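Note that these values count all heavy atoms, side chains included, but never hydrogens, waters or copies made by symmetry. Here the structure is a predicted model, which means the values were calculated and not measured. All ligand and atom numbering here is 1-based and tracks the order in the structure.
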Amino acid sequence: MKPLKPNDKRLNVAEAYLDADEIDALTDVVRDGWITMGPRVDAFEKAFAARSDAQAAVAVSSCTAGLHLVLAALGIGLGDEVLVPSMTFVATVNAILYVGAKPLFVDISGPEDASISLDDARSKMSERTRAAIVVHYAGSLVPGDAWRRFAEAEGLLLIEDAAHAAGVPGAGSFGDAAVFSFYGNKNMTTAEGGMVTARDPDLLQCVRTLRSHGMTSGTFERHHKVAPRYDVTMLGWNYRMDELRAAIGLVQLARLEGWNRRRRELVDCYFDALATYCPQVRIAAGPPGQRPVHILPALLPDGIQRDDVAASLYDDGIQTSFHYPPVHQLDLYRRLCPHQYLPLTEEFGNRQITLPLHPGMTEGQVKQVARSLARCVETLSLVEEGVVL
Ligand SMILES: *Cc1c(COP(=O)(O)O)cnc(C)c1O
């Protein structure tokens, strides 16, 4: 479980866990000599599908690539609109632009609920709206039944950005397609990589074809045939996963459930520790009752300078991060989609701070974070009130 190369003493927001098993898996690939998409990618797809209650899965080079492929395979393009939260990583929204469609930014559900608001989504729709992308922020699932009903009633395609929710039961269960990420800071990693699951086998087959230039057969199949032939049936991309990454993915996948269990224990510990030491700071992720499992998003009291909190925690050896700067406020999107006003997202985006969460942490470290946070929030509050220290 420990990283082979221990990091500096700082407590990081996220940490990848790789050990001798990943080294062995990589060595096996190199020894076998087949390094591009082949039997290990196939095995990884099957193992991932089995663990996510999906019929099948398609491995891709990243979650971003997977989102692009899903939108393309669903036929979303020029003139279409796609509902999407602004409280997400920019890649979710970029994928909409890749296919020439227009993002419709949707606010979050409440001051402490960063999940995409169904009511706001309904109010933003027009005749051109074809799809909605929901994000399982922090690994807290959006209410799947409600979103499924909404999509069916409105004739919308529904896509789950499940980048935060690998191994979370129910993720990928209600959308037309779901995309997972295996980037280095996610619940499991292949360094770079992603996975697509879908309800409709034809849709998944289309994603499979688009992943590799729109070709009717893969390199591995052609390599093992006497007369290699292929046709190209649609405009695709090179978004393949390779055998080295799939080999790491197989090792990581076997550990995912245990890691997520440990993450949940640590999140429970965070709830207790913050309530004890620092009740002014609240944990905010998804809908009420849904606890985070990927990142630990905390909501600072109104009026506290967040950068000062981050600097003070840093001095105590604790790294923090922000999830996320709202996408509609990023320079590119301010230019492309001007005059957006998402009050809850903007407020959340100003007050949110992400605290360390990864399965190798101890309860003692969680308490240390809570105490450090309590100290600096108290000091900064006094400064705000003009007390000379
Ligand atoms: C990480 C992330 C992505 C992108 O994943 P990659 O695998 O790095 O492309 C997309 N959406 C969300 C919400 C993410 O956190």
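- Of the listed options A95, G66, A163, G139, A163 places a heavy atom closest to atom 14 (C) of ligand 1.
- Residue T88 approaches ligand 1 through these ligand atoms, each under 4.0 Å from one of its heavy atoms: 13 (C).
- Counting heavy-atom neighbours within 6.0 Å of Q55 CD, excluding the residue itself, gives a total of 12 or less.
- Neither the backbone nor the side chain of F180 comes within contact range of ligand 1; no heavy atom lies under 4.0 Å.
- Taken from SG in C376 to CD1 in I304, the straight-line distance is 7.5 Å, to the nearest 0.5 Å.
- Counting atoms of ligand 1 from 1 in the listed order, those under 4.0 Å from a heavy atom of Y324 are 15 (O).
- Remark: R255 fails to qualify as a cation-pi partner of Y17 under the 6.0 Å distance and 45° angle criteria applied to the six-membered ring.
- The nearest protein atom to atom 11 (N) of ligand 1, hydrogens excluded, is given as D161 OD2, 2.8 Å; this is a heavy-atom distance.
- Of the residues listed (H136, H323, H358, H164), the one engaging H294 in a ring-ring contact (aromatic ring centres under 6.0 Å, His included) is H164, and it is the only one.
- For atom 4 (C) of ligand 1, the nearest protein heavy atom (residue, atom name, distance) is T64 OG1, 3.6 Å.
- Remark: aromatic rings of F89 and Y183 are distant, center separation not under 6.0 Å.
- Atoms of ligand 1 found under 4.0 Å from any heavy atom of C63 (numbered from 1 in listed order, with element): 4 (C), 5 (O), 6 (P), 7 (O), 9 (O), 10 (C).
- The nearest heavy-atom contact from the protein to atom 15 (O) of ligand 1 is H164 NE2, 2.9 Å.
- Within the 4.0 Å heavy-atom criterion, the part of T92 lying near ligand 1 is the side chain and not the backbone.
- For ligand 1 and G193, the ligand atoms under 4.0 Å from any heavy atom of the residue are 7 (O).
- For the pair Q252 (side chain) and T189 (backbone), a donor-acceptor distance under 3.5 Å is present.
- Looking at Y183, Y137, F89 and measuring to atom 3 (C) of ligand 1, the nearest heavy atom belongs to F89.
- Judged by distance alone, the side chain of S86 and the main-chain N or O of V327 form a donor-acceptor pair under 3.5 Å.
- Between the S212 side chain and the R208 main chain, no donor and acceptor come within less than 3.5 Å of each other.
- Near S62, with a cut-off below 4.0 Å to any heavy atom, the atoms of ligand 1 are 7 (O), 9 (O).
- Contacts with ligand 1 closer than 4.0 Å are made by no heavy atom of E192, backbone or side chain.
- Shown here are the side chain to side chain donor-acceptor pair (under 3.5 Å) partners of S372, two or more places apart in sequence or in another chain: D316.
- Counting protein heavy atoms only, atom 1 (C) of ligand 1 is closest to K186 NZ, 1.7 Å.
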